[in-house]
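This structure is a prediction, so every number in the text was calculated from the model and none was measured.
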Amino acid sequence: MVSFESDYIAGAHPEVLKRLCDTNMESLSGYGADFYTDSAKKKIASALGDPDAQIIFLTGGTQTNAVVISSMLHDWEGVVAASTGHISVHEAGAIEHSGHKVLALEHCNGKISASSLERMMEDFHNDGNHEHMVFPGMAYISHPTEYGSLYSKKELYEIYSVCVKYSIPLFIDGARLAYALMSRKTDVTLRDIYELSDVFYIGGTKAGALCGEAVVFSKHNMPKHFITCVKRRGALLAKGRLLGVQFDALFTDDLYFRIGAHGIDMAERMKSIFHKYGLRFAFESPTNQQFIILENSLMERLSEKIGISFWEKHDDFHTVLRLATSWSTSESDLEYLEKAISSIS
């Protein structure tokens, strides 16, 4: 069955897998102290325009969010996030398990605004009882968001300005950053992300790697003894080469950006199919995630033919479905999708 359930349903991009195979028998030091990890960091730093950029590799998104947030917050602080944010909904309380509350903020299509963040900060500090409350100690956003929406450079600048005003770090979840950067509707570059955040990560798991996320501390602000913090949380991979080799491949010959561009091309083709058959969009995303609304019986019939993800109920009779493209999506996959939709229309 052809599947559009997510952007990590296939293994690794062939160029990444080849590098893993080619280096498999080399004897390398552990815990990321190897040549390929060092090379990957230098290539990412070059893409960021800062040869001294602080970069560390972790294995997955939830682990990355939990490690970064818990290591950067004080005991009495929580993290502000959209009520639909990944750390708010789909990480099984990983942040709360670390002892830090997620402070939910209103959103629009998955995005928070600078004005709503500033209002929360003002209300907190103007509350005479705030010493008895969880302090908002960090702001978290996803780019793209869980709804596939994108922040503009202006929006990022405004949010970051609020964070600077209140001396809280801005953390950008970049699990799908490849598709945000290569969207046809974005004005945000990788260097913009670096400049307008305090910490972010370049997602590999959803962009051609078997696993792996590259955490970047944007202001030379890596917490003291961060490797020890990672180890203490059980997140330091002994075979760090696994991550280094993959990111070294992803940042060779613009592979990471080529993967993002392909995913976007396939998503645009997917959208044209949805439009052709008059399907309703819950949100027409400019990235690799697309959200359509189907009557429940049609949803069941379509799910018999292709792999799709339940997103949320639209009403008692309709469901919002998510379909995602990736490096592995092919033209034949989309032709199969069109035939499946045609058969239930």
Side-chain angles (χ1 to χ4, degrees), residues 6-8 58-124 130 133-151 155-156 158-160 162-163 166 168-177 179-180 193 197-201 203 205-206 213 215 233 235 282-283 285 287 289 291 309-314 319-322 324:
S6 193
D7 32 23
Y8 49 86
L58 295 173
T59 58
T62 298
Q63 180 198 75
T64 298
N65 289 335
V67 169
V68 169
I69 290 170
S70 64
S71 66
M72 294 188 75
L73 291 181
H74 293 295
D75 290 347
W76 58 88
E77 293 178 324
V79 54
V80 180
S83 59
T84 54
H86 210 265
I87 63 172
S88 301
V89 182
H90 289 134
E91 293 190 348
I95 306 306
E96 290 85 350
H97 184 66
S98 71
H100 299 282
K101 186 175 184 178
V102 177
L103 304 168
L105 194 61
E106 63 193 41
H107 73 96
C108 178
N109 291 327
K111 297 196 297 184
I112 66 170
S113 66
S115 59
S116 63
L117 176 60
E118 181 149 32
R119 187 164 55 250
M120 171 182 273
M121 300 302 295
E122 286 179 347
D123 289 347
F124 174 82
H130 72 265
M133 299 158 63
V134 176
F135 279 59
M138 170 186 279
Y140 163 99
I141 61 174
S142 299
H143 185 71
T145 71
E146 286 65 35
Y147 283 81
S149 53
L150 293 174
Y151 289 92
E155 288 171 326
L156 283 179
E158 291 171 346
I159 290 171
Y160 189 55
V162 174
C163 292
Y166 288 94
I168 63 172
L170 176 61
F171 176 27
I172 300 179
D173 180 328
R176 292 186 167 91
L177 188 58
Y179 307 109
I193 295 288
S197 69
D198 294 284
V199 58
F200 72 97
Y201 67 95
T205 302
K206 297 182 172 85
E213 325 296 323
V215 180
R233 288 160 176 78
F283 180 79
S285 166
T287 69
Q289 299 181 90
F291 302 84
S309 287
F310 166 87
W311 190 247
E312 60 191 20
K313 284 186 65 175
H314 182 70
T319 299
V320 177
L321 304 173
R322 184 191 72 174

Next on the checklist: Please find the pair of heavy atoms, one from Tyr179 and one from Lys206, that lie closest to each other, and give the distance.
Outcome noted: OH-O, 2.8 Å
Checklist entry - Do we see a donor-acceptor contact under 3.5 Å between the side chains of Gln289 and Ser285? => result no
Checklist entry - What are the two closest heavy atoms between Pro169 and Met72, and how far apart are they? => result CB-CE, 4.1 Å
Checklist entry - Is atom NE2 of His130 surrounded by more than 12 heavy atoms (other residues, nucleotides or ligands) closer than 6.0 Å? => result yes
Item to check | Residues Thr287, Arg176; criterion side chain to side chain donor-acceptor pair (under 3.5 Å); working and verdict | outcome: CA-CA 9 Å; Thr287 69; Arg176 292 186 167 91; over 6 Å; no
Item to check | side chain to side chain contact (heavy atoms under 4.5 Å, CB included) evaluation trace for Ile193 with Leu156 | outcome: CA-CA 8 Å; Ile193 295 288; Leu156 283 179; 4.0 Å; yes
Next on the checklist: Is it the case that over 12 heavy atoms from other parts of the model lie below 6.0 angstrom from the OH atom of Tyr8?
Outcome noted: no
Checklist entry - Could you give the distance from OG (Ser98) to CG (Asn65), rounded to the nearest 0.5 Å? => result 10.5 Å
Next on the checklist: I want to check something: taking the side chain as every heavy atom from C-beta on, are His107 and Glu146 in contact at a cut-off of under 4.5 Å?
Outcome noted: no
Checklist entry - Can you list the steps and then say if Phe135 with Leu103 is a side chain to side chain contact (heavy atoms under 4.5 Å, CB included)? => result CA-CA 9 Å; Phe135 279 59; Leu103 304 168; over 6 Å; no
Checklist entry - What distance do Met133 atom CE and Asp123 atom CG have between them, rounded to the nearest 0.5 Å? => result 9.0 Å
Item to check | Check: Arg322 and Ser6 side chains under 4.5 Å, non-hydrogen atoms | outcome: yes
Item to check | Stepwise side chain to side chain contact (heavy atoms under 4.5 Å, CB included) test for Tyr201 and Asp173 | outcome: CA-CA 6 Å; Tyr201 67 95; Asp173 180 328; 2.7 Å; yes
Checklist entry - Is the backbone of Glu77 close enough, under 3.5 Å, to the side chain of His100 for a donor and an acceptor to pair up by distance? => result yes
Checklist entry - Counting N and O atoms only, with roles assigned by atom type, does the side chain of Ser149 sit under 3.5 Å from a partner on the main chain of Asn109, one being a donor and the other an acceptor? => result yes
Checklist outcome for this item: So CG of Leu170 and OH of Tyr140: to nearest 0.5 Å the spacing works out to 11.5 Å
Checklist entry - Roughly how far, to the nearest 0.5 Å, is NE2 of His86 from CD1 of Ile95? => result 11.0 Å
Next on the checklist: I'd like to know if the side chain of Gln63 and the backbone of Thr59 have a donor-acceptor N/O pair within less than 3.5 Å.
Outcome noted: yes
Checklist entry - Mind checking whether Val79 and Phe171 have side chains closer than 4.5 Å, heavy atoms only? => result no
Item to check | Non-hydrogen atoms of Thr62 and Ala94 that approach each other most closely | outcome: CG2-CB, 3.9 Å
Checklist outcome for this item: Shortest non-hydrogen pair, Ile112 vs Ile159, comes out as O-CD1, 3.7 Å
Checklist outcome for this item: Heavy-atom nearest pair, Tyr151 first then Lys111, reads OH-CA, 3.3 Å
Checklist entry - Is there side-chain contact between Thr205 and Glu213, with heavy atoms separated by less than 4.5 Å? => result yes
Item to check | Heavy-atom check, side chain of Thr84 versus side chain of Thr145, under 4.5 Å | outcome: no
Checklist entry - Yes or no on side chain to side chain contact (heavy atoms under 4.5 Å, CB included) for Val102 and Ile69, after CA distance, side-chain angles and deciding distance? => result CA-CA 10 Å; Val102 177; Ile69 290 170; over 6 Å; no
Item to check | Student check: side-chain heavy atoms of Tyr166 and Glu118 closer than 4.5 Å | outcome: yes
Next on the checklist: Within the 4.5 Å heavy-atom criterion, are Tyr160 and Asp198 side-chain neighbours or not?
Outcome noted: yes
Checklist outcome for this item: Rounding to 0.5 Å, atoms OG (Ser197) and CD1 (Ile141) come to a distance of 8.5 Å
Item to check | Shortest non-hydrogen contact between Pro136 and Val80, atoms and distance | outcome: CB-CG2, 3.7 Å
